[in-house]
Amino acid sequence: MASEELAKKLQSRLVATQEAADHDPRPESGPSPVLRPRPQEAEAACGDSSSSSSELSAVLTRRQDINDGTAAPRLTRVFNPYTEFKEFSRKQIKDMEAMFKRYDTGRDGFIDLMELKLMMEKLGAPQTHLGLKNMIKEVDEDFDGKLSYREFLLIFRRAAAGELQEESGLMALARLSEINVSTEGVMGAKDFFEAKMQALSVGSKFEAEIQEEKEERKRQEVEKKQRQAAFKQLQSAFCS
């Protein structure tokens, strides 16, 4: 828009200058005047073209500062896991928070590369250095190279929705965490969540069978005692 307005202004000035030259009694022997835009008009014309490049430059500079570890923290809105992750119950979120704090040994509110390495070793699924970096990269929304609590919760959201590869490190983390997020409100739970529920179901069935066997043995004992009592009663009747 600024360049169009400048073009219109230059055109109107050119027309006005031409009309003045047509009525000028002096001979047309001298050089024709050179029209130059005023400084304000030139700045307006190049303002739009430079704004986009300056924004891109700012983004690239911010990314470089993040990579160098010199980026200043930005103010963000308060994160409320209970309102943002409504698919999980309060107990599930508290369990995830407890796990996050357990492995946040630096107590800085993040799980960095070395803390993630320790976590995966404790869970029995150690990862290579490249594997750990890929795990962080997959949910690292702010490109700071570490996991915030929110990004940690994203692991379980994506796992419950079936969005993680079966052999990925994040899948192993979710599977071995013992945090069952398939019991309430997660309609897309797949693979390991269904397997875990099936295992629980099988375990419950096994316990029910054991309990039934115990009750059956009790019934047999009662019937045996009743038969013995009836036999003794019958025997005493014949002897009397």
Side-chain angles (χ1 to χ4, degrees), residues 59-60 62-64 66-67 69 71 73-106 108-204:
V59 171
L60 294 176
R62 172 71 178 175
R63 179 68 58 83
Q64 185 62 43
I66 291 174
N67 293 338
R74 290 181 174 177
L75 296 178
T76 56
R77 62 184 179 83
V78 177
F79 166 57
N80 188 334
Y82 301 106
T83 57
E84 185 168 346
F85 291 83
K86 294 181 179 180
E87 65 266 39
F88 300 138
S89 67
R90 293 184 65 86
K91 182 182 182 304
Q92 290 165 350
I93 291 179
K94 287 183 178 297
D95 289 342
M96 298 177 203
E97 182 180 11
M99 181 179 181
F100 180 85
K101 290 182 177 180
R102 181 162 66 251
Y103 291 102
D104 177 21
T105 56
D108 59 352
F110 296 93
I111 292 179
D112 59 24
L113 190 68
M114 294 306 297
E115 290 169 339
L116 181 61
K117 178 178 182 294
L118 177 62
M119 175 191 291
M120 298 307 295
E121 290 175 352
K122 292 286 188 180
L123 293 175
Q127 303 289 312
T128 63
H129 183 77
L130 180 59
L132 293 168
K133 292 182 68 174
N134 288 336
M135 288 176 63
I136 294 177
K137 183 178 179 181
E138 194 164 350
V139 290
D140 187 13
E141 293 187 330
D142 54 4
F143 306 104
D144 61 355
K146 51 190 176 181
L147 296 177
S148 65
Y149 176 45
R150 181 182 182 279
E151 292 165 344
F152 185 73
L153 293 180
L154 287 177
I155 298 173
F156 295 92
R157 168 177 282 176
R158 296 188 61 184
E163 297 177 355
L164 298 178
Q165 296 181 1
E166 180 65 27
E167 302 301 325
S168 68
L170 292 184
M171 188 65 151
L173 188 158
R175 181 189 294 114
L176 298 171
S177 67
E178 296 302 327
I179 298 175
N180 189 352
V181 300
S182 64
T183 56
E184 300 180 32
V186 181
M187 303 304 296
K190 298 180 183 295
D191 299 332
F192 73 95
F193 294 103
E194 295 176 354
K196 183 177 290 186
M197 291 301 296
Q198 185 178 2
L200 291 175
S201 177
V202 171
S204 299

Asker: Is there side-chain contact between Phe100 and Met119, with at least one heavy-atom pair below 4.5 Å?
Answerer: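 When only atoms from C-beta onward are counted, Met119 and Phe100 do not touch, as no gap falls below 4.5 Å.
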Asker: About how many Å separate CE of Met96 and CD1 of Ile155, when rounded to the nearest 0.5 Å?
Answerer: 10.5 Å
Asker: Using side-chain hydrogen bond (donor to acceptor under 3.5 Å, both in side chains) as the criterion, list what pairs up with Asp95, not counting sequence neighbours.
Answerer: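 In terms of side-chain hydrogen bond (donor to acceptor under 3.5 Å, both in side chains), with neighbours along the sequence ignored, Asp95 is linked to Lys91.
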Asker: Looking at OG of Ser148 and CG of Asp104, how far apart are the two atoms once the value is rounded to the nearest 0.5 Å?
Answerer: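 Result: 11.0 Å between the selected atoms.
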Asker: Hey, are the side chains of Met135 and Met120 touching, using non-hydrogen atoms and a 4.5 Å cut-off?
Answerer: yes
Asker: If you measure from CG on Leu116 to CG on Leu132, what distance do you get to the nearest 0.5 Å?
Answerer: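 These two atoms lie 5.0 Å from each other.
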Asker: Do the side chains of Phe85 and Leu154 get nearer than 4.5 Å, heavy atoms only?
Answerer: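 When only atoms from C-beta onward are counted, Phe85 and Leu154 do touch, with a gap below 4.5 Å.
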Asker: CZ/Phe79 to CD/Glu84 distance, rounded to the nearest 0.5 angstrom?
Answerer: 5.0 Å
Asker: Identify, with sequence neighbours excluded, every residue that meets side-chain contact (heavy atoms from CB on, under 4.5 Å) alongside Lys101.
Answerer: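 With neighbours one apart ignored, the set is Glu97.
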Asker: Give every residue pair that meets the salt bridge (Lys or Arg N to Asp or Glu O under 4.0 Å) criterion with at least one member in residues 111-123, sequence neighbours excluded.
Answerer: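 Found Lys117-Glu121.
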Asker: So Leu113 and Lys146, do their side chains get closer than 4.5 Å, heavy atoms only?
Answerer: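 No - every pair of side-chain heavy atoms lies 4.5 Å or more apart.
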Asker: What I want to find out is whether Glu166 reaches Arg175 closely enough, with some N-O distance under 4.0 Å, to be called a salt bridge.
Answerer: yes
Asker: Evaluate the side-chain proximity of Phe143 to Ile136: yes if any heavy-atom separation is below 4.5 Å, no if none is.
Answerer: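 Counting from C-beta outward, Ile136 and Phe143 never come under 4.5 Å.
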Asker: By ring-ring contact (aromatic ring centres under 6.0 Å, His included), which residues pair with Tyr103, not counting sequence neighbours?
Answerer: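 Not a single residue meets the ring-ring contact (aromatic ring centres under 6.0 Å, His included) criterion with Tyr103.
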Asker: Atom CD in Gln92, atom CD1 in Ile179: separation rounded to 0.5 Å?
Answerer: 9.0 Å
Asker: Does the side chain of Phe110 come within less than 4.5 Å of Glu151's, by heavy atoms?
Answerer: no
Asker: Which pairs with one or both residues in residues 125-141 pass side chain to side chain donor-acceptor pair (under 3.5 Å), sequence neighbours excluded?
Answerer: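 Those involving residues 125-141 are Glu141-Arg150.
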Asker: Flag the pair Pro81 / Phe88 as yes when at least one side-chain heavy-atom distance between them is below 4.5 Å, and no otherwise.
Answerer: no
Asker: Name all residues meeting the side-chain contact (heavy atoms from CB on, under 4.5 Å) criterion together with Ser168; count only those two or more places apart in sequence or in a different chain, and write none if there are none.
Answerer: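 By the side-chain contact (heavy atoms from CB on, under 4.5 Å) rule, Ser168 matches Leu164, Gln165, Leu170, Met171.
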Asker: Indicate the atoms forming the closest heavy-atom contact of Gly124 with Leu176, along with that distance.
Answerer: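 Closest pair (atom of Gly124, atom of Leu176, distance): C-CD1, 4.5 Å.
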